Visitor: 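Attaching a single structure in structure tokens format; questions to follow.
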There are 2 protein chains.
Amino acid sequence: MDILKLENQLCFPVYALSRHITSLYRPHLEKIGLTYPQYLVMMVLWEHQQVTVKELGQQLWLDSGTLTPLLKRMAENGLLTRKRSEKDERVVNIIITEKGENLKQEASDIPSKLIKELATDEEQFFLLQKQINQILSLKSSQNI
Amino acid sequence: MDILKLENQLCFPVYALSRHITSLYRPHLEKIGLTYPQYLVMMVLWEHQQVTVKELGQQLWLDSGTLTPLLKRMAENGLLTRKRSEKDERVVNIIITEKGENLKQEASDIPSKLIKELATDEEQFFLLQKQINQILSLKSSQNI
DNA sequence: TGCAATTAAATTGTAAACAATTTAATTTTA
DNA sequence: TAAAATTAAATTGTTTACAATTTAATTGCA
């Protein structure tokens, strides 16, 4: 078995599936004016209302180089405000706006649609999700 | 259960794992002057020596908007040549160079390193790979 | 206290991704 | 066969990613 052969690789399928999932999200998210990474930011904000850029980066595994311009675009679109902390001027707080809050209702039907589109067998997906989470937790425990 | 909550999502873990895998490849690929998408192109070329841009796109699920500039960079680095087909002037053939061929030896130890770095339990990964491939094949059969 | 080390964001520069459009060649079909 | 439709790449423009560096603020400790 030639381990270099594409189909034997373990990593290409993950990469391909990730892009495929993003492409399934795109038409739904387009309707509410979001990209997939922006949608991830909104999910954090729908849960917490206010987070720092650093906290956001930890949740999404993204650094300020990615987040700063992304959050600026979202602020321009009125979904959040960026405000430097008064306690610690290094920190920037990201606060959800009314408009951002209201978007949650519009997004509420997306996850179920996605699961349906990705496959007919939901069972398979929850198994896949569980496995990937195991791998990711294994990874994050290495970082401690 | 709030289906919108990040950790309940099925898609974020795939997205996060994909970027994590790419970051594991990066230091190894850097040594031989490749990015991850470029490495995927090389894997196709190591198997076939010559392919069209279209065939490459079908294998990697990428369009000419991504591939054209990527292949130009690889041609500049001397890994391949781009040559318009004489039979059909619309088609561009991508041909591996001597330098590109030689890179295969240097890349040969990467896959085994990756598997080791990603987890200690290889079994888990082959299971994951199998599942993702099932999902992807399901998807491609919908396209026919 | 005051300077070195650390930390949080921002900036800079490069390389994907991908939608939408354009260009040019080839096929189809009326 | 000539116009219409299709096809393959390339182009244009926007948005991620991310390494490396910079800036500014805070902490730690000599």
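Quick caveat, the model's predicted, so the values are computed rather than measured. Reminder, nothing fancy here: chain letters follow the sequence lines and each chain counts from 1.
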Visitor: If you measure from CE on B:Met74 to CG on B:Leu45, what distance do you get to the nearest 0.5 Å?
Guide: 6.5 Å

Visitor: When we call it a touch if two heavy atoms are under 4.0 Å apart, what does A:Thr66 touch: a base, just sugar-phosphate, or nothing?
Guide: base

Visitor: Categorize B:Thr52 for me: base, sugar-phosphate, or nothing, with a 4.0 angstrom heavy-atom threshold over every strand shown.
Guide: sugar-phosphate

Visitor: Send over the distance from A:Arg19 CZ to C:dC18 C1', rounded to a whole Å.
Guide: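 So the two atoms are 10 Å apart, to the nearest Å.
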
Visitor: C:dA17, OP1 or OP2 - any side-chain N/O from A:Tyr15 closer than 4.0 Å?
Guide: yes

Visitor: Please list all pairs passing the salt bridge (Lys or Arg N to Asp or Glu O under 4.0 Å) test where one or both residues lie in residues 77-86 of chain A, with sequence neighbours left out.
Guide: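 For residues 77-86 of chain A: A:Lys83-A:Glu86.
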
Visitor: Using chain A heavy atoms and a threshold of under 4.0 Å, write down where along DNA chain D the contacts begin and end, 5' to 3'.
Guide: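 First-to-last contact on DNA chain D, by the 4.0 Å heavy-atom rule, is D:dT15 to D:dT26.
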
Visitor: Give the cluster check for A:Leu17 versus A:Leu114: same hydrophobic cluster or not, with ILVMFWY residues linked at side-chain heavy-atom distances below 4.5 Å.
Guide: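 Looking at the clustering, A:Leu114 is in the same group as A:Leu17.
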
Visitor: Can you tell me how far CD1 of B:Ile110 sits from CG of B:Leu24, rounded to the nearest 0.5 angstrom?
Guide: 12.0 Å

Visitor: For a quick check of understanding: with a heavy-atom distance under 4.0 Å over all strands, which category does B:Thr22 fall into, base, sugar-phosphate or nothing?
Guide: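 Answer is nothing: B:Thr22 stays at 4.0 Å or more from every strand.
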
Visitor: Under the rule for side chain to side chain donor-acceptor pair (under 3.5 Å), what residues qualify as partners of A:Glu89, not counting sequence neighbours?
Guide: none

Visitor: Between A:Arg26 and A:Asp63, just flag the one whose closest nucleotide in DNA chain C comes earlier from the 5' side.
Guide: A:Asp63

Visitor: Rounded to the Å, how far apart are B:Trp61 CH2 and C:dA16 C1'?
Guide: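 Those two atoms, CH2 and C1', are 18 Å apart.
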
Visitor: Assuming nearest nucleotide by heavy-atom distance, tell me which of A:Arg90 and A:Leu70 is located more 5' along DNA chain D.
Guide: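 Its nucleotide being nearer the 5' end, the pick is A:Leu70.
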
Visitor: Which heavy atom of A:Thr52 sits nearest a heavy atom of A:Val91, and at what distance?
Guide: CG2-CG1, 3.5 Å

Visitor: Rounded off to whole Å, could you give me the CG-to-P distance for the A:Leu29 and C:dA19 pair?
Guide: 13 Å

Visitor: Rounding to an integer number of Å, can you tell me how far A:Tyr36 OH sits from C:dC18 C1'?
Guide: 17 Å

Visitor: A:Glu117 and A:His28: side-chain donor and acceptor closer than 3.5 Å?
Guide: yes

Visitor: Can you list everything that forms a side chain to side chain donor-acceptor pair (under 3.5 Å) with A:Asn93? Sequence neighbours excluded, please.
Guide: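 Here no residue qualifies.
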
Visitor: Tell me which residues in residues 75-88 of chain A put a heavy atom below 4.0 Å from DNA chain D, sorted by number, or none.
Guide: A:Lys87, A:Asp88

Visitor: For A:Glu89 and for B:Thr68, locate the closest nucleotide of DNA chain D by heavy-atom distance; then report the residue assigned to the nucleotide nearer the 5' terminus.
Guide: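 Taking each residue's closest nucleotide, the earlier one in sequence belongs to B:Thr68.
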
Visitor: Could you say whether A:Val92 or A:Glu30 is positioned toward the 5' end of DNA chain C, judged by the nucleotide with the nearest heavy atom to each?
Guide: A:Val92

Visitor: Restricting to side chain to side chain donor-acceptor pair (under 3.5 Å), what partner residues turn up for A:Asp109, sequence neighbours left out?
Guide: A:Lys113

